There are 2 protein chains.
Amino acid sequence: MKSSTQTLTQKIRVVLAEDQSMLRGALAALLSIETDIEVLGSFPNGEQALQAVAKHRPHVLVTDIEMPMMSGLELTGRVKELYPETRVLILTTFARPGYLRRALEAGACGYLLKDRPSEELADAVRQVSRGARVVDPQLASEIWSAEKDPLTDRERLILRRAGEGETTAELARSLRLSEGTVRNYLSEAISKLGASNRIEAARIARNKGWL
Amino acid sequence: MKSSTQTLTQKIRVVLAEDQSMLRGALAALLSIETDIEVLGSFPNGEQALQAVAKHRPHVLVTDIEMPMMSGLELTGRVKELYPETRVLILTTFARPGYLRRALEAGACGYLLKDRPSEELADAVRQVSRGARVVDPQLASEIWSAEKDPLTDRERLILRRAGEGETTAELARSLRLSEGTVRNYLSEAISKLGASNRIEAARIARNKGWL
DNA sequence: CGGAACTGATGACAAGTGTCATTGTGATGC
DNA sequence: GCATCACAATGACACTTGTCATCAGTTCCG
């Protein structure tokens, strides 16, 4: 009764969180084909998925990272905190060491990339439900070699917004800072990232998953 | 024998093109569940898909737009040119009138968004195979109201590269133009798009599918 | 043929951006 | 208690960017 492994008579109960409808439906279909997996429900955002986890207490939660309302990383943290029996498998497009690190810190048991073959998904779900860790091997090795985000909170915030086209003056106004201060933060960020202007700096930071 | 509609004994033959493995596999699974649809193969880029179309002459080609090697729009054009019997259904993330217009111009019969429910896919495939047009209704109405790309080739090229962080000087050098000319193109693009700087202009153009 | 549109250039000015040195505050940590 | 760091500011300087008027060659269309 209190065994944590799945027996043949006991299906692996899964909840899905993925914001893109087509993929959400297709993944549900894919997992439902497996005889040892049962999809309890699939949801387009973190909040709904969290409620479903509260209600169904699934063995495994499969979740995307970038979703509206509540991100997959936030969701992972909440689930680990409230329902630690539920194992979390992250399924994302982004091969960014930054995301992987944050996912593991939040308590995820697996990190699978969307450009892996679809056959790996059911397998990953099984492994995670058994208590094993499943992390993309290429990414796992990068996490140690990868430098970590050198930006401070303020630098990150300002760089993100500057990278979307907000001008120094607009940023200063909306953050109640002087223009000089804003330019100082940007200058710091640019030099930390080895860029030659705010646009390139924002691009670099985005690619590393730091924004 | 020469009837173009599918009878009950004749499955709809489908080829899939989608660069993200997980989605590709999941979509294939989703379509294979349908008893009247047969997935002949699925491919990660336009070139391989084109070869598959040449070989199998499917009723329907379901393709993404943004793919390496050959984009879905280019693929659509080639297929319509070489194998006009094969109907093309575009399946994409992007609700951009610009993409829809280009897709229809290239000869696509359908345009379905990835954030539509997965149940609609099989239905869209059936409709398209019957010769019907399937276009997202919201998007279809936007296409008429939507303004078309006001940028010239040069403006577009320069704006794209500027939006990735290249400076005026770098652009001038690599395009063999004077810096003044580069700034003129950017200034024109910025004013045409109603932006207040190159970053915002690039963002606007990207969102409309013009870059 | 003449006009329109695209491309490319120049010069000048205003505005915005990136850099640096320097100063100060508060919080965290050994 | 003193060092370190994030946060915030100032002033000054050089450089980049955005704007505008203006000109000229090419191509294409009616």
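Chain letters run A, B, ... following the sequence lines, proteins first and then strands; every chain starts at 1. Please read these numbers as outputs of a predicted model, since none were measured by experiment.
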Nearest-Å distance for atom pair [atom1]/[atom2], residues [X] and [N]:
X: A:E200; N: C:dG18; atom1: CD; atom2: C1'; answer: 14 Å
X: A:I158; N: C:dG18; atom1: CD1; atom2: P; answer: 12 Å
X: B:L151; N: C:dT7; atom1: CG; atom2: P; answer: 11 Å

*asked:* Before you tell me yes or no, could you show the steps for A:E170 and A:R161 under salt bridge (charged side-chain N to carboxylate O under 4.0 Å, His left out), namely the whole-Å CA-CA distance, both residues' side-chain angles and the distance that decides it to 0.1 Å?
replied: CA-CA 10 Å; A:E170 286 163 352; A:R161 291 174 56 172; over 6 Å; no
*Matching residue for B:T63 among B:L91, B:V88, B:L73, B:V79 - test: side-chain contact (heavy atoms from CB on, under 4.5 Å)*: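 Going through B:L91, B:V88, B:L73, B:V79 one by one, the side-chain contact (heavy atoms from CB on, under 4.5 Å) with B:T63 is satisfied by B:V88 alone.
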Could you list, one pair per line, each protein nitrogen or oxygen that sits under 3.5 Å from a nitrogen or oxygen of nucleotides 4-6 of chain D, together with the distance?
none

Between the protein and nucleotides 15-22 of chain D, list the N/O to N/O atom pairs that are separated by less than 3.5 angstrom.
{"from": "D:dT17", "atom 1": "OP2", "to": "B:T168", "atom 2": "N", "distance (Å)": "3.2"}
{"from": "D:dT17", "atom 1": "OP2", "to": "B:T168", "atom 2": "OG1", "distance (Å)": "2.5"}
{"from": "D:dG18", "atom 1": "OP1", "to": "B:R198", "atom 2": "N", "distance (Å)": "3.1"}
{"from": "D:dG18", "atom 1": "OP2", "to": "B:R198", "atom 2": "NE", "distance (Å)": "2.6"}
{"from": "D:dG18", "atom 1": "OP2", "to": "B:R198", "atom 2": "NH2", "distance (Å)": "2.6"}
{"from": "D:dG18", "atom 1": "N7", "to": "B:R183", "atom 2": "NH1", "distance (Å)": "3.4"}
{"from": "D:dG18", "atom 1": "O6", "to": "B:R183", "atom 2": "NH1", "distance (Å)": "2.6"}
{"from": "D:dT19", "atom 1": "OP2", "to": "B:S187", "atom 2": "OG", "distance (Å)": "3.2"}
{"from": "D:dC20", "atom 1": "N4", "to": "B:N184", "atom 2": "OD1", "distance (Å)": "2.9"}

*State whether B:Y99 and B:R102 meet the cation-pi test: NZ (Lys) or CZ (Arg) under 6.0 Å from the six-membered ring centroid, and within 45° of the perpendicular axis.*
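Output no; distance or angle outside limits.
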With side chains defined as the heavy atoms from C-beta onward, is the minimum distance between [X] and [Y] less than 4.5 Å?
X: B:D123; Y: B:R126; answer: yes
X: B:L27; Y: A:M22; answer: yes
X: A:V62; Y: A:V15; answer: no

*Show your reasoning for whether salt bridge (charged side-chain N to carboxylate O under 4.0 Å, His left out) applies to A:E85 and A:R57.*
CA-CA 8 Å; A:E85 335 82 66; A:R57 304 297 179 91; 3.8 Å; yes
*For salt bridge (charged side-chain N to carboxylate O under 4.0 Å, His left out), just list the numbers for A:R156 and A:D149, CA-CA rounded to whole Å, side-chain angles, deciding distance to a tenth of an Å, and then say yes or no.*
CA-CA 9 Å; A:R156 201 175 305 114; A:D149 187 350; 2.8 Å; yes
